Amino acid sequence: MTPADKPLAGLRVVEVSSFIASPFAGLTLSQLGAEVVRVDPIGGAADVNRWPLTADGESIYWTGLNRGKRSVEADLRSEAGQELVQRLVTESGPGGGILLTNQAGRSWMSHTVLSRIRPDVITLEILGRTDGTPGVDYTVNAGLGFPQITGPVEHADPVNHVLPAWDLACGLYAALCISAAVRRREQSGVGAHITLPLEDTALSVAGTLGYLTEPQVNEHSRTGTGNDVYGTYGTDFTTADGGRFMVVALTPRHFRDLVDLTGVRDAIDAVEKALGADFRREADRFTHRAVLNGLFEPWFARHSTADVTAALETASVLSQRYRTFDDVVSEGVLADNPMFTELDQPGIGRYLAAAFPAAFDGAHYTTGPAPSLGADTPGE
């Protein structure tokens with residue numbers, strides 16, 4: 001597949017950014033075929049050496065987020081460096097005129113200034129807080145409510161998630177917004193000034209999923225449920241040899257298969273009768289989950305991880321064994337997935353790198369390696 005076959009071929013995006021949300025948006029656009037030029041200050045932005053690192057000190061993080069891009073260094077404090085960025089954005093042909101940045105507040109690359117040079121320019125600024133003040137995933141998440149219901153139910157203190165979920169969601173929204181703005185420009189010739197606060201991304205998702213609607217409508221918010229899945233039946237079980245599985249029964253069929261698998265049909269029927277419950281209903285399965293856990297746990301505790309794996313593979317019940325990242329690699333998950341192809345990344349080495357997760361006509365869109373910092377700086 002050639003770059004010209006990709007859906008966003010012909011677009012040129014200038015990315016002045018760092019850390020996760022904005023570079024992830026740029027990577028997404030690059031995977032879909034856009035030419036993305038990342039601009040860093042001389043010596044790199046604050047994320048150029050961010051962990052994880054190789055034994056030689058090369059940033060696995062930086063190269064992962066900047067695969068397939070071009071790299072330009074510029075003195076962003078100087079007039080010459082600022083003019084270089086303005087030219088890269090505004091003189092980039094009919095598919096260009098697009099700026100992606102999380103460096104809002106710099107007047108010289110504001111939408112107002114750039115639109116005077118190129119009226120159809122598209123600028124997307126990723127902000128931190130709704131009011132424009134700084135914020136990162138971890139601080140936004142702390143102010144939202146999720147850490148208060150994350151972790152073991154007996155643990156009273158907030159627990160942060162390790163996945164920067166809001167950064168990733170914001171990056172995907174940013175890529176979608178740019179694609180939508182390009183579509184509108186193609187139809188009307190009008191540019192766009194887009195602002196996308198990380199905090200609003202998180203608030204939007206939390207509101208859509210009901211976390212913020214509950215306290216408004218029901219006058220109380222959700223409590224933590226540990227590893228139990230809220231509103232249905234799902235929890236984790238430990239096997240005889242210490243393996244651990246996440247098991248979810250979303251539907252009556254899932255639950256029926258779990259009951260049959262563990263051989264507790266008579267006990268389940270008796271509990272339903274005693275409690276006046278109907279375990280075909282999600283609400284009843286969730287409400288009486290502690291009783292159900294007690295009925296299922298002995299079967300898992302009597303069987304080995306291998307036996308549980310084999311048994312679950314024959315049932316409709318949703319399940320997955322808990323694994324480490326090392327397990328995922330060593331057990332061949334990446335090698336067996338066509339989304340992963342070998343990448344030779346200078347400074348890092350050869351490894352299996354993820355392509356765009358959606359397959360278009362059976363193919364995953366890949367990119368080349370990340371450039372060396374400043375490799376595409378004009379005049380070098």
Side-chain angles (χ1 to χ4, degrees), residues 145-163 165 209-211 221-337:
F146 282 100
Q148 302 294 343
I149 62 171
T150 301
V153 292
E154 65 273 11
H155 185 76
D157 295 329
V159 175
N160 290 336
H161 57 212
V162 298
L163 178 73
L209 296 180
Y211 290 96
S221 60
R222 192 174 308 182
T223 58
T225 58
N227 281 351
D228 292 337
V229 180
Y230 178 77
T232 189
Y233 185 75
T235 195
D236 60 310
F237 296 104
T238 304
T239 64
D241 53 357
R244 204 174 188 98
F245 287 79
M246 186 66 195
V247 176
V248 180
L250 284 176
T251 69
R253 181 192 174 193
H254 295 155
F255 187 77
R256 183 177 65 249
D257 275 10
L258 180 59
V259 170
D260 293 341
L261 177 73
T262 54
V264 294
R265 168 58 58 193
D266 290 344
I268 289 291
D269 290 343
V271 167
E272 275 189 310
K273 184 176 180 180
L275 296 175
D278 181 352
F279 292 139
R280 291 173 298 181
R281 296 196 296 254
E282 278 192 304
D284 285 4
R285 296 197 296 273
F286 178 71
T287 299
H288 302 294
R289 63 192 182 280
V291 176
L292 296 175
N293 292 349
L295 294 176
F296 296 135
E297 281 172 353
W299 182 87
F300 287 89
R302 290 195 307 268
H303 292 82
S304 69
T305 298
D307 288 343
V308 170
T309 299
L312 287 171
E313 287 177 349
T314 67
S316 69
V317 61
L318 307 171
S319 65
Q320 183 70 59
R321 176 172 58 86
Y322 282 90
R323 294 184 292 205
T324 65
F325 294 120
D326 288 338
D327 293 336
V328 173
V329 173
S330 66
E331 293 175 11
V333 175
L334 309 189
D336 293 338
N337 189 324

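Quantities reported herein were computed from a predicted structural model and do not represent experimental measurements.
Checked against a 6.0 Å centroid threshold, the rings of F296 and Y233 count as neighbours.
In this model, a donor atom of one side chain and an acceptor atom of the other lie less than 3.5 Å apart for T235 and D228. Of the N and O atoms on the side chains of D327 and S330, not one donor lies less than 3.5 Å from an acceptor on the other residue. Between the side chains of S304 and D307, a donor-acceptor pair is found at a separation under 3.5 Å.
The backbone N or O of D278 lies less than 3.5 Å from a partner atom in the side chain of D284, making a donor-acceptor pair. Formation of a donor-acceptor pair under 3.5 Å by the H303 side chain with backbone atoms of F300 is not found in this model. In this structure, the side chain of H155 does not engage the main chain of G151 through any donor-acceptor pair within 3.5 Å. In this structure, the side chain of D241 engages the main chain of T305 through a donor-acceptor pair within 3.5 Å.
The side-chain heavy atoms of V248 and H254, taken from C-beta on, include no pair separated by under 4.5 Å. Here the side chains of T262 and L258 are in contact, with some heavy-atom distance below 4.5 Å. Looking only at side-chain heavy atoms (C-beta outward), H161 and F146 stay at 4.5 Å or farther from each other. In this structure the side chain of F279 reaches within 4.5 angstrom of the side chain of V271, judged on heavy atoms. No side-chain heavy atom of N160 sits less than 4.5 Å from a side-chain heavy atom of T150. Between D236 and V247 the shortest side-chain heavy-atom distance does not fall below 4.5 Å.
A distance of 10.0 Å separates CZ of F245 from OG1 of T238, quoted to the nearest 0.5 Å. Between atom CG of residue D336 and atom CD of residue E331 there is a gap of 10.5 Å, rounded to the nearest 0.5 Å. Here CZ of R265 is found 7.0 Å from CD1 of I268. Values are rounded to the nearest 0.5 Å.
In terms of heavy-atom proximity, V328 sits nearest to R323 at CG2-NE, 4.1 Å. Across L261 and W299, no two heavy atoms sit closer than the pair O-NE1, 3.4 Å. Taking both residues in full, the closest heavy atoms of A240 and A301 are given as CB-O, 3.2 Å, listed atom of the first, atom of the second, then distance. Minimum heavy-atom separation, G231 to E282: O-CB, 3.6 Å. In terms of heavy atoms, L209 sits closest to R222 at O-NH2, 3.8 Å. The two atoms that bring Y322 and M246 nearest to each other are OH-SD, 3.4 Å, heavy atoms only.
R253 CZ: 12 or fewer foreign heavy atoms inside a 6.0 Å radius.
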* salt bridge (charged side-chain N to carboxylate O under 4.0 Å, His left out) between E297 and R302: does it pass, once the steps are laid out? -> CA-CA 9 Å; E297 281 172 353; R302 290 195 307 268; over 6 Å; no
* Worked verdict on Y230 versus I149 for side chain to side chain contact (heavy atoms under 4.5 Å, CB included) -> CA-CA 11 Å; Y230 178 77; I149 62 171; over 6 Å; no
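Classification of D260 and R256 as a salt-bridged pair fails, no side-chain N sitting under 4.0 Å from a carboxylate O.
Taking the ring axis of F255 as reference, the NZ or CZ atom of R280 does not stay both within 45° of it and closer than 6.0 Å to the ring centre.
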